[in-house]
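Below you'll find the structure, written out as structure tokens, and then a few comments.
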Amino acid sequence: MKKGVYSILKARFLVNEDATKNWRFIVFCIFLAILMIAYGHNYDQKVYRIAELTNEVKELRSEFVDKRSELMKLKMESTVSEEMVERKIFPSSVPPQKIKVSKPTEKSFFQKLWQ
């Protein structure tokens, strides 16, 4: 037991005859660790990007609501009439009249026959 602990602490398993198997395993473990670190950084970058896009969506949504309310205000009749008064265009005192255009009705085949 004491000899096994000392051999591990002195790293004799790295200089034995079977050291090539041990070195291969160590290099493989290092490669996996580097791969895990790279994927972790990639994941963190994506999380930060998602947070940035979420904030941008919130800002754009609030801007959309502001612009929509501004448009509603501009479309109101009072706002339009104020703009027209500045251009010296006043509302009509005569109410509009509806113009009816009637289409000539086509007669069916039987109606044409009886004429």
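Note: hydrogens, waters and symmetry copies are ignored here, and every other heavy atom, side chains too, is used.
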Discussion item. Let's go through Arg49 and Glu52 carefully: what are the C-alpha distance in whole Å and the side-chain angles of both, what is the deciding distance for salt bridge (charged side-chain N to carboxylate O under 4.0 Å, His left out) to 0.1 Å, and is it a yes or a no?
Written reply: CA-CA 5 Å; Arg49 181 73 177 140; Glu52 289 173 4; 3.7 Å; yes

Practice prompt. Rounded to the nearest 0.5 Å, what's the gap from CD1 on Ile34 to CE on Met36? Could you check?
Written response: 12.0 Å

Worksheet item: Does some side-chain heavy atom of Val27 sit less than 4.5 Å from a side-chain heavy atom of Arg24?
Response: no

Fill in: Heavy-atom pair with the smallest gap, counting every atom of Val80 and Leu74
CG2-O, 3.6 Å

Discussion item. Suppose clustering is done on Ile, Leu, Val, Met, Phe, Trp and Tyr with side-chain heavy atoms closer than 4.5 Å. Which residues sit in the same group as Ile99?
Written reply: Val101

Practice prompt. Hey, could you give me the CG/CG distance between Leu60 and Asn55, rounded to the nearest 0.5 Å?
Written response: 11.0 Å

Worksheet item: Hey, what do you get for CZ (Phe25) to CD1 (Ile30), rounding to the nearest 0.5 Å?
Response: 11.0 Å

Discussion item. For Lys75, is there any backbone N or O sitting under 3.5 Å from a side-chain donor or acceptor partner on Thr79?
Written reply: no

Worksheet item: Rest of the hydrophobic cluster containing Val85 (Ile/Leu/Val/Met/Phe/Trp/Tyr, side-chain heavy atoms under 4.5 Å)?
Response: Phe90

Fill in: OG on Ser78 to CD on Glu82, rounded to 0.5 Å
5.5 Å

